[in-house]
Amino acid sequence: MSMATELAATYGTPLYVYDLDRVAAARRDLFDALPEEFGVFYAFKANPHPEIARTLREDGSRACRAEISSTGELAAALAAGYSGAEIFYTGPGKTAAELATAMGHGVRMFSVESLSDLRRIGSVATGHGVVVDCLLRINSASASASTSIRMTGTSSQFGIDSESLADLVPQLKSVPGTRISGAHLFPLSNAKDEESLISEFQHTIEVAAWVQKEIGVEFRHLDIGGGFAMPYAVPGERPVYRKLRTELGGALDVAFPGWRANGLQVFCESGRYLTGGCGELVCSVVNIKESRGRKFVILDAGINTFGGMSGLGRLLPVAVQPQADAEPGDTEVANLVGPLCTPGDLLGRDVSLPSPASGDVITIPNAGAYGVTASLLMFLGRPAPTEVTVRGGQIVSVSRLEHNRVYGDPR
Ligand SMILES: *Cc1c(COP(=O)(O)O)cnc(C)c1O
């Protein structure tokens, strides 16, 4: 029995098991793949679990910083030990109240999605008597590699269109309470291979150099985004990027000569690469039925527990492939579905399983990112899954998210 299955016997299913040693290994691998001057922002939306976030912050100069876009994620980052100075606040819908909370906790670095966004940041900063660093998020008109999820080049709620930048520069530079300190680009998620990742970054760095010239301010911060890949709910390993470090350094040497010495801080961002591989979701087969020649394996975990975002286009459709834990033997092909009263509660179509039976425990690998908090947790009123973190084979924490209706004035 694997540790995850043993824990499921104790805590029941559905159960997430996160191995913090794997989180630490992913962090080391990512820092190793980047020039040593680079910083890394951990995208809290991948998994805001405090033990995971805390593990990513360990290790001095190779500690991740936090990339957040809500006060909930702010609270998670603070609880995990990140200081305001280590937090980068992003997102297209930052309200004045949220900004005030963030600034009250010492957050001084913001991604800016538009002139009106910048003005709102400025007015809150002025109220706090501070000047905050603003990285202009740019929606570049041009793109490079052909890759999976593209977030730039089309019309979008994200970023300032590159073609409108020139006209906006005078206004962008004159917002009290703000200082344009650099650019933020995030054109890509889950690159298909190292070549496409590198070519996307090369392009991003060229765009960033162009932005710096347009704005006419020497950058102090440059966030070139991510795209570091990770299998999602299927077996597989985190890719190792062997050429990235040299290629990134080279591209920056051309576009930002002297960047290593002149105080330009360069950042990458990652969610799935850092945490995807640390987690397994253990669930149980509740029932099995046949319908018109097709087998349905009904689990106690569906899109309320895992992968609830798949219908939203942000992630690839969930195509879960359980870990081949059992002895090799007869396999059957079945649809893996959850317990919810909607045909949309489908985790995998035509999945091969070793002769499934009621009561079997099924483990979904690489489920550490975009799991619990990316799911339709409240839908159909089932409790959230239990989450266990382990380090060195020992349990570190056991927890479960709760949501309750609050009556009266919820503030
Ligand atoms: C979602 C997101 C990330 C993380 O993406 P991964 O594919 O999980 O690495 C990083 N940065 C921004 C701005 C994001 O929106």
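Order of listing sets the numbers, starting from 1, for every ligand and every atom in it.
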Looking only at side chains, do [X] and [Y] share a donor and an acceptor under 3.5 Å apart?
| X | Y | value |
| --- | --- | --- |
| Tyr89 | Glu98 | yes |
| Thr13 | Ser284 | yes |
| Thr126 | Ser123 | no |
| Asp117 | Ser114 | no |

Does any N or O of ligand 1 fall below 3.5 Å from an N or O anywhere on [X], backbone included?
| X | result |
| --- | --- |
| Gly271 | yes |
| Ser189 | yes |
| Tyr370 | yes |

Open item on the list: Looking at ligand 1, would Ser270 count as a contact under a 4.0 Å heavy-atom criterion?
Closed with: yes
TODO: Determine, using heavy atoms of Tyr273 and all atoms of ligand 1, whether some pair is separated by less than 4.0 Å.
DONE: no
TODO: Would you mind checking if Asp223 and Arg137 are paired as a salt bridge, meaning a charged N to carboxylate O distance below 4.0 Å?
DONE: no
Under-4.0 Å heavy-atom contact with ligand 1, by part of [X] that carries it:
| X | answer |
| --- | --- |
| Ala46 | neither |
| Phe41 | neither |
| Arg272 | both |

